[in-house]
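For ligands, and for the atoms within them, numbers begin at 1 and follow the listed sequence.
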Amino acid sequence: MRADTEQDILKTELWWTAVVTVIVTIIMLAIIYAGLVHHINPPSNIETIDPKTLHLTGEFTEGNLGTKVEAGDQVTSRLVATQFAFQPQCIVVPAGRTVTLRFATPDVIHGILVTGTNVNAMVVPGYVSQVHTVFTRTGDLLMPCHEYCGLGHSQMWATVRVVPESEFRPGPDGRATCGAR
Ligand SMILES: [Cu+2]
């Protein structure tokens, strides 16, 4: 077989340049589409918290966990992920409204996902994991731990109770719980 001329080599290089450009463009468009349409984004919230004292003072003390309607009608739900349970076991949130979920852990790495939604995050000791989402489907959604955290890992799950806006009735202190339904 005859050696390629410089022209042939140039043609081949340009051809593969075009192929790579098309592939990269498709991947970039898929990432932008997933981010804008499905709200699937890489983690960006870097917020630290001391895992040794998070239950003693501040945001993640027992009395401040669960769902609360805060200033500006912002619905925020706070959970602590521990070996091998979530505290609280069940949170109630309204459908069709932006909800902020905030997680922290005092022990090891956990992971959370809410079945059938775009909520999926790691919970790493020392950091607060925050997810903004809008729940569209009402009902009890399963929220298992998806990061192996020890022997009781398979027993570790919580429930996200999504109720229609009309049934979401926080108390005078702004708090809503699964129990008071
Ligand atoms: Cu786990």
Query raised in the report: Between Gln83 and Cys149, which heavy-atom pair has the shortest distance, and what is it?
Result: NE2-O, 2.8 Å
Report summary line: Looking at Glu147, the N, O or S atom sitting nearest the Cu ion (ligand 1) is O
Query raised in the report: Does any N, O or S atom of His146, backbone or side chain, fall under 2.8 Å from the Cu ion (ligand 1)?
Result: no
**Report entry** Which N, O or S atom of His153 lies nearest to the Cu ion (ligand 1), by name
**Finding:** ND1
Query - Any side-chain heavy-atom pair of Leu56 and Thr53 under 4.5 Å - result: yes
Query - Remaining members of hydrophobic cluster (4.5 Å side-chain criterion), Leu29 - result: none
Query raised in the report: From the Cu ion (ligand 1) out to just under 2.8 Å, does an N/O/S atom of His110 turn up?
Result: no
**Report entry** Check ion pair Glu70-Arg102 (N to O, under 4.0 angstrom)
**Finding:** no
